[in-house]
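First, the structure itself, so that you have it in front of you.
Computation of the quantities below employed the complete heavy-atom set of this structure, encompassing side-chain atoms and omitting hydrogens, waters and symmetry-equivalent molecules.
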Amino acid sequence: MRVDHRRNGRLALAVAVAGLFAGSFAGAQDVPVPTLPTGPFPNRFEIVARLDDATKTLACTATITFTNLQPSPVTVVPFHLYPNAWSRTDTAWVKDGRSRDAILERGERDGGYLRIVSIADGAGADLAAATAIDESLMRVTLTKPLAQGESFTFVIAFETKLPRTVARMGKTGDHLDVMQWFPKPCAHVDDRFVDWPFRNPSEFMANFGDYTVTLTTPTRYVVDATGVPGPETVDAANGMRSVTYRAAAVHDFAWCADPHFVVHRETLPGGPEIVLLNQPFLEQKAQLTLDSVKFALQWTGEKLFPYPYPRLVIDVTPMGQGGGMEYPMLFTISASAPEALPWLRSRSEAPSSVTIHEFVHQYFQGMVATNEFEEAWLDEGFTTYVQNRILADFWRNDAAEARGWGLLDRTLVLEPLLDHGSLLAHVAGYETSPFRLRGRKLFGFDTPTLRFEGRAGDRFRDRMASYAPFAHDTVLDTPSWDVLRAGDRDGYRATAYSKPALFLRTLEGALGQSAFDAILREWARTRAFSHPKGTDFIALVNARTEGRLAKFVERAVHHGDVVDWAIAEVRCERHEPAAGFARQARPGDPMPASFPQAPPAPTLSDRILRRLGVSVREPTVPSGEAISYVGEVLVRNLGTLPIPTTVELRFADGSVERRAISGDEPWVVLTTEPKTTRLVAAIVDPDRAIALDLDWTNNGRLVQADVDAGRAFAAWARYWAQSMMSTITWAQ
């Protein structure tokens with residue numbers, strides 16, 4: 001296998017720099033590194049599962065010991081039965097996602113479910129009469145209340161039929177992603193059960209526990225899972241293999257199987273074993289995938305805390321099916337058909353972005369383990385923010401490699417052509433995919449993101465496209481299924497991913513990267529394995545900033561307020577010294593007159609130009625005084641979200657002056673002192689620190705219009721209009 005030594009060299013350099021950078025956070029060094037907890041945990045699982053290869057059905061038995069660690073007695077224990085969410089057309093998940101057609105297309109052969117065969121207590125007493133099943137939830141009434149510290153054992157026989165891949169779980173040909181596949185007790189935190197039914201869009205939450213899972217599958221499969229595998233037992237006569245996996249201090253268990261996996265293994269010094277289960281068509285990207293996750297391991301180890309589990313499994317799904325999804329010690333990634341094209345391999349970032357994103361989930365979803373039902377932003381938003389930081393560092397030195405390919409970036413050409421097909425519909429005959437493999441994509445797959453110079457600085461700005469249309473409706477602590485729904489779940493992407501990532505980036509800009517990194521590290525370290533809430537993060541920020549950003553943080557999280565700083569007006573005029581009668585300092589002082597020489601009477605053309613707002617004649621000044629100018633700038637926040645910022649004043653002689661604005665008022669007027677050089681421009685937030693700013697195009701204004709820039713833009717617009725008309729004409 002070819003090893004990219006240049007990229008590995010970049011990795012070593014970046015890690016060294018990160019170590020120096022981390023060492024400067026004096027406060028963060030005082031926060032201890034978390035270690036894997038040893039319990040007691042609310043859950044302990046022993047599961048035995050056997051795969052029927054013909055029907056892709058699992059026959060399973062689970063022994064689940066639940067311990068009440070909360071103060072109040074427990075009388076009913078609810079369980080999630082996630083696969084039932086897409087078992088029929090009238091479930092809440094299907095209705096939320098308008099996915100009726102997807103269920104009907106799968107039919108009996110390719111549909112899926114989780115069927116409870118029997119349920120008993122640890123002594124064998126039947127609990128069927130005390131059990132009620134409602135779609136994706138099962139509730140079991142206990143024979144007596146379970147006091148704090150007491151345990152109850154459930155023995156559940158169940159059958160899980162894997163559907164054709166839906167919601168990141170199921171089968172695609174011979175590839176199996178076995179996730180959310182067993183009855184799982186609902187999370188028991190804050191003296192309550194988080195017992196929401198599975199809704200769309202929404203993900204998961206569960207308590208930590210210990211798992212011992214034995215998987216029996218046909219020997220033709222390459223299998224891996226959450227945890228550490230034990231020795232294999234092979235039944236050669238029946239062509240079956242059994243492996244027992246053990247995982248401690250995890251909140252879920254997932255596994256995958258595929259006879260076509262190409263296995264890559266690496267072990268980092270002092271770190272985990274990395275297992276890449278790759279698809280054959282993506283072998284040219286194997287080293288990039290490994291480099292991406294190794295870089296992310298080093299980055300998060302420095303900025304957050306070292307990854308504490310012994311293994312990390314990367315499950316590559318075929319042809320983009322199932323997307324990417326996170327589970328403890330295992331995550332899925334995907335790539336699509338174009339990645340096999342030689343001319344795209346060296347220019348596309350894929351699959352580094354999804355690899356890093358799903359790995360970062362190991363921290364915020366896997367270890368901090370927030371409530372994704374009610375506060376998805378605490379996982380997805382934090383993960384997206386950190387992902388973008390890592391990607392910018394990972395690709396920082398490679399942006400120029402793809403110089404010249406900028407016009408083929410997906411946001412400009414490939415996505416409009418291939419994903420939406422508006423221009424190719426006449427040629428291909430289809431506007432949406434006839435294969436229905438990936439939603440409404442024309443050719444059934446996503447298009448890759450290409451590298452080009454300058455892209456590293458734009459990653460957060462890319463999130464504005466999904467945030468802006470829903471900016472006034474993104475209340476971060478909204479339950480996942482209650483966000484504004486329109487189009488293809490745009491409201492969820494805005495609320496769970498884009499706004500929180502931009503919010504965190506804005507905090508970084510307001511506090512400085514070192515100070516914000518210290519807060520982020522403290523959050524990850526002190527809240528690991530504790531299921532924190534959004535109010536906990538707000539309290540941490542307010543404590544570390546002494547409340548300086550309290551109003552901004554509160555309204556950004558709990559309200560749909562937006563921020564849009566703009567330069568509304570900017571002007572520069574000749575400074576006119578004071579004229580008239582002198583001021584008296586004390587009674588009896590004289591008040592001599594001082595008036596400039598009267599200007600000549602304005603001509604008719606002067607009056608016309610003045611009516612048009614054009615200055616035609618400089619005012620006179622008393623002899624001996626230098627000519628000077630004053631500037632005036634009107635700065636407005638067109639939104640209602642308060643955030644401090646800076647205004648940069650630029651002058652004709654190249655000098656720059658910066659003014660701080662508290663952000664508490666919706667507008668402010670800035671006036672310059674008389675200067676011998678003219679004010680030529682004003683820019684609010686010149687460092688682009690406010691990532692949440694809805695519109696950066698209004699952040700700057702010139703005193704006088706730049707005619708040359710207008711001509712250049714007009715020429716550019718004419719060129720693209722003509723090109724578009726030529727394309728449409730050709731297509732017809």
Side-chain angles (χ1 to χ4, degrees), residues 45 47-62 82-83 109-114 158-182 211-236 238-247 250 252-265 273-283 286 289 311-335 358:
F45 294 84
I47 305 176
V48 177
R50 184 182 184 89
L51 173 66
D52 183 322
D53 200 16
T55 62
K56 301 297 187 291
T57 300
L58 301 169
C60 313
T61 300
Y82 284 111
R109 175 183 173 82
D110 288 333
Y113 55 77
L114 193 164
F158 66 98
E159 176 184 278
T160 299
K161 184 176 185 297
L162 301 178
R164 177 156 55 86
T165 302
V166 56
R168 307 169 177 118
M169 179 267 202
K171 60 184 181 181
T172 299
D174 282 337
H175 179 89
L176 308 181
D177 291 312
V178 190
M179 288 94 184
Q180 306 300 338
W181 57 285
F182 57 92
Y211 286 77
T212 301
V213 181
T214 300
L215 304 175
T216 300
T217 60
T219 54
R220 72 188 187 96
Y221 283 102
V222 176
V223 178
D224 219 324
T226 295
V228 177
E232 296 182 355
T233 301
V234 177
D235 179 357
N238 294 310
M240 302 295 284
R241 179 193 295 113
S242 297
V243 183
T244 297
Y245 289 82
R246 289 180 170 82
V250 296
D252 205 348
F253 185 96
W255 58 284
C256 57
D258 190 324
H260 310 295
F261 274 146
V262 180
V263 182
H264 302 259
R265 299 180 188 273
E273 177 191 23
I274 302 171
V275 182
L276 171 62
L277 306 175
N278 204 28
Q279 292 296 323
F281 84 94
L282 207 63
E283 269 298 273
T289 304
R311 300 182 82 229
L312 184 64
V313 178
I314 307 170
D315 165 20
V316 182
T317 64
M319 295 314 215
Q321 295 301 291
M325 189 61 195
E326 67 278 1
Y327 302 94
M329 300 172 64
L330 179 149
F331 62 85
T332 72
I333 66 171
S334 59
E358 302 307 335

* To do: For residues Gly324 and Arg168, report the shortest heavy-atom separation together with the two atoms involved.
  => O-NE, 3.2 Å
* **Interatomic distance, Asp235 atom CG to Met240 atom CE [nearest 0.5 angstrom]** => 8.0 Å
* To do: Could you tell me the separation between the NE2 atom of His175 and the OG1 atom of Thr317, rounded to the nearest 0.5 Å?
  => 5.5 Å
* To do: Check each of Val228, Val48, Val213, Thr214 against Thr244 using the side-chain contact (heavy atoms from CB on, under 4.5 Å) test, and report the only one that passes.
  => Thr214
* Roughly how far, to the nearest 0.5 Å, is CZ of Phe158 from CD1 of Ile47? -> 5.5 Å
* Taking atom CZ of Phe253 and atom OH of Tyr211, what is their separation to the nearest 0.5 Å? -> 9.0 Å
* Only one of Asp177, Leu176, Thr55 clears side-chain contact (heavy atoms from CB on, under 4.5 Å) with Leu162; which? ->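 Testing each of Asp177, Leu176, Thr55 against Leu162, the sole residue satisfying side-chain contact (heavy atoms from CB on, under 4.5 Å) is Leu176.
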* Asked: After noting the C-alpha distance and the side-chain angles of Thr233 and Ser242, does the key distance pass the side-chain hydrogen bond (donor to acceptor under 3.5 Å, both in side chains) rule?
  -> CA-CA 5 Å; Thr233 301; Ser242 297; over 6 Å; no
* Could you state the interatomic distance from CH2 (Trp181) to CE (Met169), rounded to the nearest 0.5 Å? ->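 Between atom CH2 of Trp181 and atom CE of Met169 there are 9.5 Å.
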* Heavy-atom count around Arg241 CZ within 6.0 Å, excluding the residue itself: above 12? ->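 Above 12, so yes.
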* Asked: Do Asp52 side-chain atoms and Ala54 backbone N/O form a donor-acceptor pair below 3.5 Å?
  -> yes
* To do: Using modelled atom types only, decide if a donor and an acceptor are shared between the side chain of Thr226 and the backbone of Pro328 within a distance under 3.5 Å.
  =>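 Yes, because the side chain of Thr226 sits within donor-acceptor range (under 3.5 Å) of the backbone of Pro328.
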* Under the salt bridge (charged side-chain N to carboxylate O under 4.0 Å, His left out) test, residues paired with Arg109 that sit two or more places apart -> none
* Structure fact -> Taken to the nearest 0.5 Å, the spacing of Asp224 CG from Trp255 CH2 works out to 11.5 Å
* Those residues that, when tested against Asp174, pass side-chain contact (heavy atoms from CB on, under 4.5 Å) (two or more places apart) -> Lys56, Arg220, Tyr221, Pro259, His260
* Qualifying residues under ring pair (Phe, Tyr, Trp, His ring centres under 6.0 Å), relative to Tyr113, sequence neighbours excluded -> none
